[in-house]
Amino acid sequence: MDSLELPKKICTLGEEPFLIKSIAYHTDDSKLFSVELKESRLGVFLKFKEMDFGWASRLVHYMLCFQLNIKKKYELWSVVGVDPVRFPLIEFEQLTGLNCEYIEHLENPRCEVTNEMASFWERIGVSVDAGPSSEQIIRALKRCQEWLVMDLVKFENYPWGRVAFKVLMDSLRAKDFTKSYIIDGFIQVLQVWIYHALPELGVNYGNPLPNRPSPPLLVFKGGKGRKCFKDAISRQTRVINYVEKNIEEMFPKWDNDREDVSVENIIQVMFNVPPNWKWTMNCWKDEGIYP
């Protein structure tokens, strides 16, 4: 293990910055959901909103401060005590039940604007160049509900899970945790991920619901407050490092992602771990890339 390349921490151990102000976010587009969509896979967003989930900003902040500095764009790793914990697309898919299949050109979506499409956008009052905003779509639906027709099956089967995950990962990249910051996308999923990755913490702080609803995103009601989350995370003795898949499924395909040998080394170690071997403090340097 001494010669194995592993990622460095983002923050120096014991010097993780205190959260000055609650993480700001905005994901409230529930007015876009119809009754039909609520019963589809996409309805998980509306069901989650109806739970009145308790946002624990400090919990998510400290888990982000425990991050490892990796090159890969579409996953994050944190160290809890001595154990590495992974949040990739696989985890997001398992938690939300959304379609996260690979789709080409997600980084730069290609869409040919036909005369028919331009006429349609003009008819419902949105910009052809900028595309519709959520507010414009809501107004259009109210005005055009009698003639606007959508292929719901095709819409529901689009890999919205991959889109939502990418928006979140893009927003998390290169944040300065010493200052107030804003996260775009479905940030609450990170809090639910923490509850599942740290089961004891989930039971004690996550307010789990009876009968374990499906998908796992709906299992916890959450909880606000708690200034002691930093210590609570560090005290965890039971850690679920990641959703187990075959080794060839552990690295979802992304266009223009970056290679990172140090991340691949963590996975390889876990798949080929010697008997009685454990992660220790010696595996990770205390000094982070930021003071």
Side-chain angles (χ1 to χ4, degrees), residues 6-27 53-88 91-92 165-198 200-202 204-206 220 222-242 258 260 262-263 266 279-291:
L6 294 174
K8 293 182 178 180
K9 296 178 181 179
I10 286 182
C11 300
T12 297
L13 182 65
E15 299 182 13
E16 298 81 8
F18 183 78
L19 182 62
I20 300 173
K21 186 178 180 181
S22 180
I23 302 172
Y25 67 92
H26 178 69
T27 56
F53 184 79
W55 170 236
S57 188
R58 288 189 180 89
L59 175 62
V60 174
H61 169 75
Y62 283 119
M63 197 66 163
L64 292 175
C65 289
F66 293 150
Q67 268 187 98
L68 294 172
N69 182 41
I70 65 174
K71 297 176 183 176
K72 285 187 171 293
K73 294 159 52 175
Y74 301 116
E75 61 184 85
L76 67 81
W77 285 85
S78 293
V79 174
V80 175
V82 298
D83 286 284
V85 187
R86 186 191 193 204
F87 182 72
E91 233 81 11
F92 187 88
F165 180 80
K166 181 182 180 301
V167 169
L168 178 60
M169 289 294 103
D170 287 344
S171 182
L172 285 172
R173 200 173 304 132
K175 290 295 181 188
D176 184 350
F177 300 120
T178 64
K179 302 176 181 179
S180 298
Y181 55 97
I182 299 173
I183 302 294
D184 296 323
F186 190 31
I187 183 65
Q188 296 95 329
V189 73
L190 285 177
Q191 184 175 334
V192 180
W193 162 63
I194 295 168
Y195 291 149
H196 284 279
L198 310 177
E200 293 177 6
L201 187 144
N204 292 328
Y205 298 106
F220 295 96
K224 301 178 182 180
R226 305 284 184 182
K227 295 183 179 181
C228 57
F229 272 135
K230 179 179 176 181
D231 292 334
I233 294 173
S234 301
R235 289 196 302 267
Q236 298 306 301
T237 57
R238 185 186 171 206
V239 175
I240 298 176
N241 307 95
Y242 50 72
R258 300 168 184 164
D260 193 333
S262 64
V263 169
I266 300 176
W279 294 100
T280 67
M281 294 297 291
N282 293 330
C283 298
W284 317 103
K285 294 182 179 180
D286 290 345
E287 185 178 358
I289 62 169
Y290 302 123

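- For Thr280, the side chain to side chain contact (heavy atoms under 4.5 Å, CB included) partners at least two apart in sequence or on another chain are Asn282, Cys283.
- At most 12 non-hydrogen atoms from other residues, nucleotides or ligands lie less than 6.0 angstrom from CD of Glu287.
- Contact record, Ile233 with Met63: CD1-N, 4.1 Å, taken as the closest heavy-atom pair.
- Taking each heavy atom of Pro17 and Cys11 in turn, the nearest pair found is CD-SG, 3.9 Å.
- Between Arg238 and Glu200, the closest heavy-atom pair is CB-OE2, 4.1 Å.
- Pro84 places a side-chain heavy atom less than 4.5 Å from the side chain of Trp279.
- To the nearest 0.5 angstrom, Ser180 atom OG is 7.5 Å from Leu19 atom CG.
- Of the possible polar contacts, none joining the Glu16 side chain to the Phe177 backbone as a donor-acceptor pair under 3.5 Å is found.
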Chi angles and distances behind the side-chain contact (heavy atoms from CB on, under 4.5 Å) call for Leu76, Leu64: CA-CA 9 Å; Leu76 67 81; Leu64 292 175; 4.1 Å; yes
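- With contacts defined as side-chain heavy-atom distances shorter than 4.5 Å, the pair Lys73/Met169 does not qualify.
- Using a distance-only test at 3.5 Å, with no hydrogens or angles considered, a donor-acceptor pair links the side chain of Gln236 to the main chain of Ala232.
- Atom CH2 in Trp77 sits 14.0 Å away from atom CD1 in Ile10 (nearest 0.5 Å).
- A distance of 6.0 Å or more separates the ring centres of Tyr62 and Phe229.
- The ring-ring contact (aromatic ring centres under 6.0 Å, His included) test applied to Trp193 returns Phe87, not counting sequence neighbours.
- Two residues are said to be in side-chain contact when any heavy atoms from C-beta on lie closer than 4.5 Å; Phe18 and His61 fail this criterion.
- One distance of note links SG of Cys65 with CZ of Arg58; it measures 12.5 Å at 0.5 Å rounding.
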Evaluation steps, side-chain contact (heavy atoms from CB on, under 4.5 Å), between Leu59 and Tyr205: CA-CA 10 Å; Leu59 175 62; Tyr205 298 106; over 6 Å; no
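- Closest approach of Trp55 and Ile187 over heavy atoms only: CH2-CG1, 3.5 Å.
- Annotation: the span from Leu190 atom CG to Phe92 atom CZ amounts to 9.0 Å, rounded to 0.5 Å.
- Ile194 is not listed as a side-chain neighbour of Val85, based on a closest heavy-atom distance of 4.5 Å or more.
- Asp83 CG to Thr237 OG1: the interatomic distance, rounded to the nearest 0.5 Å, is 9.5 Å.
- In this structure Phe220 satisfies the ring-ring contact (aromatic ring centres under 6.0 Å, His included) test together with Tyr195, His196, sequence neighbours excluded.
- Not counting sequence neighbours, the partners of Asp231 by the side chain to side chain contact (heavy atoms under 4.5 Å, CB included) test are Arg235.
- With contacts defined as side-chain heavy-atom distances shorter than 4.5 Å, the pair Val239/Leu198 qualifies.
- Ser171 meets the side chain to side chain contact (heavy atoms under 4.5 Å, CB included) test with Lys175, Ile183, Asp184; sequence neighbours excluded.
- Between Pro7 and Trp284 the shortest side-chain heavy-atom distance falls below 4.5 Å.
- Two residues are said to be in side-chain contact when any heavy atoms from C-beta on lie closer than 4.5 Å; Lys71 and Val263 fail this criterion.
- Distance CG/Asp260 to CG/Asn69: 8.5 Å, rounded to 0.5 Å.
- Remark: Glu91 does not engage Arg86 in a salt bridge, criterion side-chain N to carboxylate O under 4.0 Å.
- Under the salt bridge (charged side-chain N to carboxylate O under 4.0 Å, His left out) criterion, Asp170 pairs with Lys166, Arg173, not counting sequence neighbours.
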Verdict with reasoning, Leu6 to Lys285, per side-chain contact (heavy atoms from CB on, under 4.5 Å): CA-CA 9 Å; Leu6 294 174; Lys285 294 182 179 180; over 6 Å; no
